[in-house]
Number of protein chains: 4
Amino acid sequence: MKLKDELKREAIINETIAIVYAKGFAGVKMAHIAKKVDISPSTLYVYFKSKDDLISSIATDLLKNITNISQNQLKQDLPYKLKFKAIWVFYINFGINNRKEMSFITQVKQSPYFDMIPEHIRHLKSSFILDLLDEGKQQGLIKDVDNTILSALLGAFLTETIKLIDSKLLQLQEEDINTMFLLAWDAVKN
Amino acid sequence: MKLKDELKREAIINETIAIVYAKGFAGVKMAHIAKKVDISPSTLYVYFKSKDDLISSIATDLLKNITNISQNQLKQDLPYKLKFKAIWVFYINFGINNRKEMSFITQVKQSPYFDMIPEHIRHLKSSFILDLLDEGKQQGLIKDVDNTILSALLGAFLTETIKLIDSKLLQLQEEDINTMFLLAWDAVKN
Amino acid sequence: MKLKDELKREAIINETIAIVYAKGFAGVKMAHIAKKVDISPSTLYVYFKSKDDLISSIATDLLKNITNISQNQLKQDLPYKLKFKAIWVFYINFGINNRKEMSFITQVKQSPYFDMIPEHIRHLKSSFILDLLDEGKQQGLIKDVDNTILSALLGAFLTETIKLIDSKLLQLQEEDINTMFLLAWDAVKN
Amino acid sequence: MKLKDELKREAIINETIAIVYAKGFAGVKMAHIAKKVDISPSTLYVYFKSKDDLISSIATDLLKNITNISQNQLKQDLPYKLKFKAIWVFYINFGINNRKEMSFITQVKQSPYFDMIPEHIRHLKSSFILDLLDEGKQQGLIKDVDNTILSALLGAFLTETIKLIDSKLLQLQEEDINTMFLLAWDAVKN
DNA sequence: GATGAATGAGCGTTCATTCAT
DNA sequence: TATGAATGAACGCTCATTCAT
């Protein structure tokens, strides 16, 4: 018997993410994915039991991975501002290296597919970021503003920075990165 | 019959915007719009020659209007920071009062429909904002960072603030507005 | 605008009944029906909102009609045995003239479509037949056996007789009809 | 490995019959059968070369067996009416004990699979029953009606009786059995 | 201008069957 | 022999759009 090809599963996932990145959700057609991966449309159903399953599985995987990765990073012992910056830079890099995946998640969140993701995954929050903000507040370095609001704004800031780098308006080099970090830091610092 | 027609056209546009706000782009069905406006699907084609035309026309109109409206506002003579704040508050209010329209534009921008909007409309930028930033830089009050970048970040900040108000995490009252303004101002100020 | 064609609806219904008669339920393909009626498959959905709807609508209509027709017939004042025979002959004729429709109902009853028929239609019973049997029992002419059983057997008898006529083993003429009636009558008579 | 294979083949057959009984013909999916027998769908094709082959083989086997079984029974020397009744009771019992198999045959008969059964099997008739009827006619006990017709009616009668028992409207006890036999006997007796 | 009917193009999905091991 | 993977050929259905009045 033929062996199931894990590479094929990954190819399907990557192609789906790429299509969502390029054309948004409306552009995801099972037949289209199949053609790109060079398999028959029906073969897709060997790996995912429906389009909904395909998309929500990808979203679930991505959310899990992102949470893990960010949580496992950066437990370094540094002065607060430097630590904050290190994390900031880490996220920028992560966002750049995974822009398609990030875009996928952003789009899923404002689509009906979001409701198909298991509850406990759906509410994954980087509690890590919240901890970081708390630490800053305790040291009197961060504005006394609700964490949800601060992290939402920092998130928007980050996303926009990544977009700017993506569109070549910014470069992934020390100078630009410093500039962008300073904008973010000044916003939240006390 | 100019009057009657124009009303119907507007009804179609408003309903389309409302549906996109409620269900996202995937949910826009010509028949659905028609039913909501209480006309036949075929009548839609009297007013717009296709679905693409309907959506890109709405997007074009909205982009034009937004640019106009903001430009015609607030030429007041105030100290710079106050003027900046007044504009900031104006945009917040505008965003809240036109959240469906803003959502429509946001969604169009990441969809294939965006490419159907005439080039010159697509790139409309509030040169007004750029002027405001220039004025601040001349007075040494604003960081010496590229205007495109600053306006992009301020835009992201603004959008996020509107979302937070929309989701009741913030209130449209002086205290919260002041807090949010301070975050933005601190980010860009020198 | 084009006017909806009642004839088209009927053509769809008749074609569906004919296909079920010829090939059973497994043979009912929307595209096939459409081709036979010379319309596009999608046009079917103008008249019936799904395959389930098509089949259960037909079943519902047939059940209603059959009940009405048989109930409106034969309230004649005749000696019991003659009345019984008249009804018997009426049913034979009805079955022959509507063999496809009868076959449709028989097949629906042992298919999942039956559950889609409205409750009150599903349980339509020719209470008329039950009344007839009661009358016979009162006169001591009919065996004292449960009505449900008697009517089930008479139904099977009838169906079989129709099949035999259909397959040319019997003829729809007085002699054969009399013979068959006698078999039925002898079975139930006291 | 003859034993193991034969068991698997039988398991496939029994499962198929059970599924047809439970869900009708439309419900028979190769994958479904395979899962129930706990083999792979492809293994089914080791035993039967196609779905058509599976179903028509089963039907053929059943038809052959039924004919054989009934023929080997009941050559007892009894007064005609008692012999007739004994056979009647035998068939009732056989039908009850093999209701799934009977249902399978009934359903095959009104499906396209029937045409795939070899001609000589398709027309198997219990010549035995015909002999029984002839014997009755010779003794002047049975109506002088064509054997094909009489046996068809008796068959319908029998099937209906089995259905009634199956649905608990009748009980497999002496009283009910007697009643039903009397109905059948009265129908055909002279 | 307005509309109900009609439809072609395409979509997601199923499933009997074959392939490759 | 046994089987998981793979697939072609359908199928039911949707929907933007056009037709005919």
Side-chain angles (χ1 to χ4, degrees), chain A residues 1-6 8-9 26-34 37-55, chain B residues 1-2 4-5 8-9 26-34 37-55, chain C residues 1-6 8-9 26-34 37-55, chain D residues 1-2 4-5 8-9 26-34 37-55:
Chain A
M1 75 200 186
K2 272 191 218 158
L3 278 178
K4 201 164 187 167
D5 195 347
E6 188 53 34
K8 205 170 277 180
R9 193 186 144 91
V28 183
K29 304 291 150 63
M30 295 305 263
H32 185 190
I33 297 170
V37 182
D38 202 29
I39 56 176
S40 162
S42 42
T43 306
L44 281 178
Y45 291 84
V46 173
Y47 293 85
F48 297 93
K49 63 180 196 293
S50 69
K51 186 180 176 181
D52 286 358
D53 180 44
L54 168 63
I55 289 173
Chain B
M1 289 298 158
K2 193 68 165 52
K4 190 179 169 200
D5 286 354
K8 209 173 269 183
R9 194 187 143 92
V28 184
K29 309 283 154 64
M30 296 302 264
H32 188 184
I33 297 170
V37 183
D38 205 29
I39 58 175
S40 163
S42 23
T43 307
L44 282 179
Y45 290 82
V46 174
Y47 294 87
F48 298 92
K49 69 177 200 289
S50 72
K51 188 181 178 182
D52 288 357
D53 180 43
L54 168 64
I55 288 173
Chain C
M1 73 200 188
K2 274 193 219 156
L3 277 178
K4 204 163 183 169
D5 195 347
E6 188 53 35
K8 204 169 278 181
R9 193 187 144 92
V28 182
K29 305 289 150 64
M30 297 304 263
H32 186 189
I33 297 170
V37 182
D38 202 30
I39 57 176
S40 163
S42 42
T43 306
L44 282 177
Y45 292 84
V46 173
Y47 294 86
F48 298 93
K49 63 181 193 295
S50 69
K51 187 180 175 182
D52 286 357
D53 180 45
L54 168 63
I55 290 173
Chain D
M1 288 298 159
K2 193 66 166 54
K4 190 181 168 198
D5 286 353
K8 210 173 268 183
R9 194 187 143 92
V28 185
K29 309 284 154 65
M30 296 302 263
H32 188 184
I33 297 169
V37 182
D38 205 29
I39 57 173
S40 163
S42 23
T43 306
L44 282 179
Y45 290 82
V46 174
Y47 295 87
F48 298 93
K49 70 177 201 288
S50 70
K51 187 180 177 182
D52 287 357
D53 179 42
L54 167 64
I55 289 173

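Reckoned from all heavy atoms, side chains included, excluding hydrogens, waters and symmetry mates. A note on names: the letters A, B, ... follow the listed sequences, proteins ahead of strands, and every chain is numbered from 1.
- Atom-to-atom, CZ of Phe48(D) to C1' of dA2(F) comes out at 16 Å; the value is rounded to the nearest Å.
- Scanning all heavy atoms of the two residues, the minimum distance from Ala31(A) to Pro41(A) falls at CA-CG, 4.4 Å.
- Atom CD1 of Ile33(A) is separated from atom C1' of dT13(E) by 14 Å (rounded to the nearest Å).
- At a non-hydrogen distance threshold of 4.0 Å, Ile39(A), Ser40(A), Ser42(A), Thr43(A) from residues 37-45 of chain A come into contact with DNA chain F.
- For Ser42(C), the side chain to side chain donor-acceptor pair (under 3.5 Å) partners are Ser40(C), not counting sequence neighbours.
- Expressed to the nearest 0.5 Å, how far OG1 of Thr43(B) lies from CG of Asp38(B) amounts to 10.5 Å.
- Following rounding to the nearest Å, Arg9(B) (CZ) and dG1(E) (C1') show an atom-to-atom distance of 16 Å.
- Whole-Å rounding puts the Asp53(A) CG to dG12(E) C1' distance at 13 Å.
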* Treat a base pair as Watson-Crick or G-U wobble with both distances under 3.5 Å, then lay out DNA chain F in dot-bracket form, 5' to 3', with | for cross-strand pairs. => .||||||||||||||||||||
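- Note: NZ (Lys29(B)) to P (dC15(F)) measures 4 Å, nearest angstrom.
- The interatomic distance linking Met30(C) (CE) with dT7(E) (C1') rounds to 15 Å, in whole Å.
- Residues Tyr47(D) and Arg9(D) come closest through the heavy atom pair O-NH1, 3.8 Å.
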For residues 48-55 of chain C, which side-chain N or O atoms pair as donor and acceptor with protein atoms under 3.5 Å away, sequence neighbours left out?
unit_1   : atom_1 : unit_2   : atom_2 : d
Ser50(C) : OG     : Asp52(C) : N      : 3.4
Ser50(C) : OG     : Asp53(C) : N      : 3.0
Lys51(C) : NZ     : Val28(C) : O      : 2.9
Asp53(C) : OD1    : Ser57(C) : OG     : 3.1
Asp53(C) : OD2    : Lys49(C) : N      : 3.0

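- Out of dG12(F), dT17(F), dA16(E), the shortest distance to the side chain of Lys51(D) is found at dA16(E).
- Where Val28(B) and Ala31(C) each meet DNA chain F at their nearest nucleotide, the meeting point lying more 5' is that of Ala31(C).
- The residue among Ser50(C) and His32(B) whose nearest nucleotide of DNA chain F lies closer to the 5′ end is Ser50(C).
- Contact between the side-chain N/O atoms of Tyr47(C) and the OP1/OP2 oxygens of dA5(E) is not found at any separation under 4.0 Å.
- Rounding to whole angstrom units, CG of residue Asp5(D) and C1' of dT1(F) are separated by 8 Å.
- Residue order along DNA chain E, read from the 5' end via each residue's closest nucleotide, puts Lys8(C) first among Lys8(C) and Lys49(D).
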